[in-house]
Structure formats: C-alpha cells, structure tokens
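Step one of this worksheet: look at the structure below.
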Amino acid sequence: MTAQLLQGQRALVTGGNSGIGEAIVQALADAGAAVVVNFLSGEEDAKRIAAGIEANGGRAVPVQADVSKPDDCKRLFDAADKQLGGIDIVVANAGIQRDAAFTEMSLEQWREVIDVNLTGQFLCAQNAVRRFRKQGLDQHRSAALGKVIFTSSVHQVIPWAGHANYAAAKGGLKLLMESMAQELASEKIRVNAIAPGAIKTDINRDAWESKGAREDLLQLIPYGRVGEPEDVANVAVWLASDQSDYVVGTTVFVDGGMRLYPAFREGG
Ligand code: NAD
C-alpha cells in the first residue's frame, strides 16, 4: 500500500546526499516517486544513492546546486523539468550550522547560515510554486497542485545559546512557511514543515557519538532515544502524500518530545 502512495509523482530534495535528506530521498523513492537528489558537494554519495534507487527499478537523478544562489536554484528546477518532466513535491532540506557565542559570531557565520537555511529555502520554495502554477493540477497524480515541505528544527521554537544564527533562521522559516501556506492554500498548494529534534547525522555528530555526549543529550529527550533519519523521512512521505491532503501550514515535530520542557519532568 505504502509503495503506491507517491506513484507517478516527481520530487526534489535539497541536501539529498546525506543525513535526513538522504533518508527522505530513499523513502520518497520507496513510495514510488521519481526524485532529484540535490547535492552541494559529495557527488559520489549522490550518485551512489541515485544508482541504488535505479537498481531497484526507481528513478533518481543527482543534480549539483548551491541552494543559496538564485541561478543555481533555477538550474536545479530546470533539471527536474528536463529529467523528470516536472515537479510535484519539494523538500527544502539543506541546512548548515556555524556555531559561535553571540559576541564571537562573525558576520560571515551569521550570513552563511541565513543564506543557506532561510534564503536557500525561500529560493527553492519560490521556484517550486512558480513551476506548480505552470504545470496545473493533475488529479490523477495528486489532489494538490503541489507540496512544499521545509526541514525546520525544534529550534524554530526553542531558543539555542551559541547558535543564534541557526535559531534565527529556523524561527524565520516557521513564519515563512505559515505565510506561504496562508497565501497559497486557495491554489491547492500545500506548504508544511517538519521540525526534527536530535537526529543522528553529520551535522550534530559531536552531540551523539561519544557515550558522555549521548547521555547528556538523552536528558533532553523524554522518549529516551536519539532520532534516526528515517523517523523524519516517514513523516515527509506522509506530508507529501494525499493522506495529509487537509494538512496545511502545520509543523510536525519529530523530536521524541524534546520541545516539552523536559527539565520540568521532576516538577520544576
Ligand atoms: P547533514 O549535514 O547530513 O545534511 C545537510 C545537507 O545540506 C548536506 O547534504 C549538505 O551538503 C547540504 N547543504 C549544505 N549547504 C548547502 C547548499 N548551500 N546547497 C545545497 N545543499 C547544501 O545534516 P542533516 O542533519 O541531515 O540536516 C538536514 C536538515 O535537517 C538541515 O536543515 C538541518 O538544519 C535540519 N535539522 C537537523 C537536525 C539533526 O539533529 N540532525 C535537527 C533539526 C533540524
């Protein structure tokens, strides 16, 4: 049943060559979608992922692009048009961290994170919506004209000392997502976000790889385990599918309860 959920749909995942993006690419392909696997660097990984999908009878195309650059974004969507014949699902997932104490944070660190995590997501979403409109609705593919899914973070609501640039970008993303959803819903374009908590990927390896760091991290997670990329990918498939057709402008937290003020478990 799940294998048919996204049959005939075309998807694009930014930062699709590692971590959460890679798991989303795989899950969308398993659900029947053809997928553009965007990468910035790490071409070998993107090629390996795409080849694995194609070997299983799916369709996947690796495309290099820097999502913070308008021309690259346009080229990325042109590639989706050319290679997959259009686009139905966009997962704006690429993101980085450049951590520093507030007074030590350089303008470059600030700008880099805003450019990729907020402006990059804006550029991808804008390209996506323009293409959805041009294509028009095909109800044989999906009840929606198109779906945009942002990979946000629990830090769209949880302040994060030492990561002001990252929290500012994700907080901005929350209202970008909600404003877009409000503006575009009448056209049957669904815009939603996934807010992961701590998921085991390269971006936060320091926080989960050693036993000591992992124990500290688990104090923040009521459900008692660090998340896996697949925990996020399963939600992305659902948000991309018609099963969530009435879900508009929502953030789905995939965080084992991290945003529930776990320090108050003992009564505060
Ligand atoms: P990751 O480092 O494995 O993946 C990030 C991806 O983004 C990489 O593929 C990287 O190449 C790509 N990327 C970076 N800059 C880019 C650019 N300019 N253009 C195109 N691609 C670019 O880490 P991840 O954990 O898989 O992160 C994916 C998303 O999930 C990010 O938006 C991150 O903020 C978010 N997130 C992760 C966690 C977590 O615990 N891992 C928690 C909350 C949110």
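What you see below is based on every heavy atom in this structure, not just the backbone, and it leaves out hydrogens, waters and symmetry mates. Keep in mind it's a predicted model, so treat the numbers as computed, not measured.
For the 3.5 Å distance criterion, the side chains of Arg111 and Ser106 fail to qualify, holding no donor opposite an acceptor. At a cut-off of 3.5 Å, with distance as the only test, a side-chain donor of Trp208 or Asn204 sits close to an acceptor on the other residue. For the residue pair Ser142 and Lys147, a side-chain donor N or O sits within less than 3.5 Å of a side-chain acceptor on the partner. Defined by atom type and a distance below 3.5 Å, a donor-acceptor pair is missing between the side-chain atoms of Glu22 and Ser18. Of the N and O atoms on the side chains of Asn38 and Thr14, not one donor lies less than 3.5 Å from an acceptor on the other residue.
Taking the side chain as every heavy atom from C-beta outward, Arg59 and Gln83 approach each other to under 4.5 Å. Thr250 places none of its side-chain heavy atoms less than 4.5 Å from the side chain of Met177. Annotation: side chain of Val226 is not in contact with side chain of Ile199 (no heavy-atom distance under 4.5 Å). With contacts defined as side-chain heavy-atom distances shorter than 4.5 Å, the pair Arg190/Val148 does not qualify. Taking the side chain as every heavy atom from C-beta outward, Leu28 and Val91 approach each other to under 4.5 Å. Using a 4.5 Å heavy-atom threshold, the side chains of Gln64 and Glu43 count as separate.
The heavy-atom pair separating Pro196 from Asp255 by the smallest distance is C-CB, 4.4 Å. Nearest heavy atoms, Ala46 versus Pro62: CB-CB, 3.9 Å. Of all heavy-atom pairs between Glu209 and Arg214, the closest is O-NH1, 3.2 Å. When all heavy atoms of Asn165 and Arg98 are compared, the pair lying nearest together is ND2-O, 2.8 Å. Asp231 and Val254 make their closest contact through O-CG1, 3.7 Å (heavy atoms, listed as atom of the first residue, atom of the second, distance). The heavy-atom pair separating Leu239 from Ala193 by the smallest distance is CD1-O, 4.1 Å.
A salt bridge links Arg131 with Asp78: at least one charged nitrogen is closer than 4.0 Å to a carboxylate oxygen. The pair Arg141-Asp138 meets the salt-bridge criterion, since a charged nitrogen lies less than 4.0 angstrom from a carboxylate oxygen.
A donor-acceptor pair is defined here as one N or O able to donate and one able to accept, closer than 3.5 Å; no such pair exists between the side chain of Gln109 and the backbone of Ala100. Using modelled atom types, no side-chain atom of Asn93 and backbone atom of Thr151 make a donor-acceptor pair closer than 3.5 Å. Using a distance-only test at 3.5 Å, with no hydrogens or angles considered, a donor-acceptor pair links the side chain of Arg265 to the main chain of Pro262. The main-chain N or O of Trp238 is found under 3.5 Å from a side-chain atom of Ser241 such that the two form a donor-acceptor pair.
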Show the numbers, then the answer: is there a side chain to side chain contact (heavy atoms under 4.5 Å, CB included) between Val90 and Ile149?
CA-CA 6 Å; Val90 171; Ile149 301 164; over 6 Å; no

Passes side chain to side chain contact (heavy atoms under 4.5 Å, CB included), Phe39 versus Val63? Steps please.
CA-CA 6 Å; Phe39 63 96; Val63 181; 5.5 Å; no

Test Leu84 against Val61 for side chain to side chain contact (heavy atoms under 4.5 Å, CB included), laying out the working first.
CA-CA 9 Å; Leu84 305 184; Val61 186; 3.9 Å; yes

Checking Val37 against Val13 for the side chain to side chain contact (heavy atoms under 4.5 Å, CB included) test, could you report, in this order, the C-alpha distance in whole Å, the side-chain angles of both residues, the deciding distance, and whether it holds?
CA-CA 6 Å; Val37 185; Val13 182; over 6 Å; no

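Between Trp160 and His155, the ring-plane angle classifies as parallel under the 30° and 60° cut-offs. Using the six-membered ring where Trp is involved, Tyr261 and Phe264 have ring planes that are perpendicular, over 60° apart on the 30 and 60° scheme.
Every residue two or more places apart in sequence or in another chain that forms a side-chain hydrogen bond (donor to acceptor under 3.5 Å, both in side chains) with Asp45 is listed here: Arg48.
Val36 and Ile24 fall into different hydrophobic clusters, defined by Ile, Leu, Val, Met, Phe, Trp and Tyr side-chain heavy atoms under 4.5 Å apart, directly or through other members. Under the 4.5 Å side-chain contact rule for hydrophobic residues, Val252 and Leu173 do not share a cluster. Note on Leu220 and Val157: same hydrophobic cluster, where clusters join Ile, Leu, Val, Met, Phe, Trp and Tyr whose side-chain heavy atoms are under 4.5 Å apart, directly or indirectly.
Atoms OG and NE2, on Ser153 and His163 in that order, are 10.5 Å from each other to the nearest 0.5 Å. For the atom pair CD1 of Ile158 and CZ of Phe253, the computed distance is 7.5 Å after rounding to the nearest 0.5 Å. Note: Leu107 CG to Glu112 CD = 11.0 Å, rounded to the nearest 0.5 Å. The distance from atom CG of Asp216 to atom OG of Ser210, rounded to the nearest 0.5 Å, is 8.0 Å.
Residue Glu228 qualifies as enclosed at atom CD: its count of foreign heavy atoms under 6.0 Å is above 12.
With respect to Lys69, the salt bridge (Lys or Arg N to Asp or Glu O under 4.0 Å) criterion is satisfied by exactly one of Asp72, Asp71, Asp66: Asp66.
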